[in-house]
Amino acid sequence: MLGTIVNAAAVLIGGGVGLLLKRGLPKRVSDAIMGGVALLVTYIGIDGVLDGQKTIVAVLSMVVGAAIGSWIDIDAGLTRLGAFAEKRLNAGREDSRLAEGFVSASLLFCVGAMAVVGALNSGLSGNHDILFAKALIDGVTACVLASTLGAGVLLSALAVFVYQGAIALLASALAPVLSDAVVAEMSCVGSLLIIGIGLNMLNVTKLKLANYLPAIILPILFCRLF
């Protein structure tokens, strides 16, 4: 669990620095940074999509995942959670996007091969090198995101801790299921959602990305079928 703890701490520290920077930035500067971050996030998503090898798995995962997520209405639940957190934290108007920041940052930090493979290595062999490297990347990213999306980015540290921690603790059981092919397809589907984050940040779309979250785990099923 050491790698996961360090990773979550890096998100908290980086996000905290980003919040401090946000308070001292003029609006025109923060808007420019927001646009740059949005373009970078979109690029990260496009780069990750190339990991996929079976288009049919991505298509089915997105369609079925969206249907499940919309039926459950995950987005509404997270929005209520964000509103509750805002009241508890006495957040001001500038942090009214707390839920968006939480979802966007959680996707960025939890989707991808480094999160899965790093947590597996941590749990199976006690090798935390991948997660230590990921912690450095996530800390810098959290700093930039928090300077534009606000305090919700700090809450994503909890998602990192729970997600990677669960994989590390259950590594022996999950290793046969999370094959290289499955991890590649999970990264592909997750990267499609990251592209959605970038488009939302650019105000090109208004996708309720939280409703697509079930799609990320469905490659475990569909890779076995195809």
Side-chain angles (χ1 to χ4, degrees), residues 8 11 15 34 37-38 41-42 44-45 48-49 52 56-112 115-116 142 145-146 148-167 170 174 177-178 182 185-223 225:
V11 172
M34 180 74 165
V37 172
V41 167
T42 304
I44 292 172
V49 166
I56 186 65
V57 171
V59 171
L60 287 174
S61 296
M62 290 295 291
V63 171
V64 176
I68 294 172
S70 298
W71 179 59
I72 301 173
D73 205 355
I74 299 172
D75 182 80
L78 286 178
T79 299
R80 288 193 295 270
L81 178 62
F84 172 77
E86 284 182 70
K87 291 179 181 178
R88 298 288 294 180
L89 297 172
N90 294 317
R93 298 179 68 180
E94 63 176 351
D95 288 325
S96 59
R97 300 169 65 191
L98 190 139
E100 179 186 353
F102 168 68
V103 173
S104 299
S106 296
L107 279 172
L108 276 174
F109 300 148
C110 294
V111 167
V116 177
L145 284 179
T148 55
L149 294 179
V153 174
L154 276 73
L155 294 179
S156 66
L158 178 61
V160 170
F161 181 79
V162 171
Y163 178 72
Q164 293 180 182
I167 293 176
L170 299 173
L174 292 176
V177 178
L178 296 177
V182 171
E185 297 307 325
M186 289 175 69
S187 296
C188 176
V189 173
S191 295
L192 287 172
L193 301 189
I194 290 175
I195 293 174
I197 293 172
L199 295 177
N200 279 357
M201 292 173 70
L202 290 168
N203 294 317
V204 175
T205 58
K206 294 186 181 296
L207 296 170
K208 295 183 177 180
L209 292 170
N211 286 343
Y212 292 81
L213 289 175
I216 296 175
I217 62 172
L218 288 176
I220 297 174
L221 169 64
F222 291 131
C223 277
L225 296 178

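In this chain, numbering begins with 1 at the start of the sequence shown.
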Exercise. Considering all heavy atoms of both residues, which atom of A159 and which atom of S106 are nearest to each other, and what is their separation?
Worked result: CB-OG, 3.4 Å
Exercise. Which residues pass the side chain to side chain contact (heavy atoms under 4.5 Å, CB included) test with I72, sequence neighbours left out?
Worked result: I68, I74
Problem set entry | Approximate separation, where rounding is to 0.5 Å, of L154 CG and L149 CG | 11.5 Å
For this session: Apply side chain to side chain contact (heavy atoms under 4.5 Å, CB included) to L178 and list each qualifying residue two or more places apart in sequence or on a separate chain.
Result: V116, L120, L174, V182, V183, M186, I220
Problem set entry | For C223 against V57, the heavy-atom pair lying closest together | SG-CG1, 4.2 Å
Problem set entry | Least distance between heavy atoms, C110 atom then A115 atom | O-CB, 3.5 Å
Seminar exercise, completed: Taken to the nearest 0.5 Å, the spacing of T42 OG1 from I195 CD1 works out to 7.5 Å
Exercise. Do L107 and I197 touch side chain to side chain, with heavy atoms closer than 4.5 Å?
Worked result: yes
Exercise. Do L193 and M62 have side chains that get closer than 4.5 Å, going by heavy atoms?
Worked result: yes
For this session: Test side-chain contact (heavy atoms from CB on, under 4.5 Å) on L199 and L207 and set out the steps.
Result: CA-CA 9 Å; L199 295 177; L207 296 170; 5.5 Å; no
Problem set entry | Exercise: identify the closest heavy-atom pair between V41 and G198 | CG1-N, 3.8 Å
Exercise. Considering only heavy atoms from C-beta outward, does the side chain of I216 approach that of L218 to under 4.5 Å?
Worked result: no
Exercise. Which atom names give the shortest non-hydrogen contact between V160 and F109, and what distance separates them?
Worked result: CG2-CB, 3.6 Å
Problem set entry | Residue pairs fulfilling side-chain hydrogen bond (donor to acceptor under 3.5 Å, both in side chains) with at least one residue in residues 207-220, sequence neighbours excluded | none
For this session: Taking side chain to side chain donor-acceptor pair (under 3.5 Å) as the test, write out the residues that go with Q164, two or more places apart.
Result: N7, K134
Problem set entry | Counterpart residues, side chain to side chain contact (heavy atoms under 4.5 Å, CB included), relative to A67 (two or more places apart) | none
Exercise. Side chain to side chain contact (heavy atoms under 4.5 Å, CB included) with V162: which residues, sequence neighbours excluded?
Worked result: L158
Problem set entry | Nearest atoms (heavy-atom pairs only) where A58 meets C188 | CB-SG, 4.2 Å
Problem set entry | Any side-chain heavy-atom pair of S104 and L145 under 4.5 Å | no
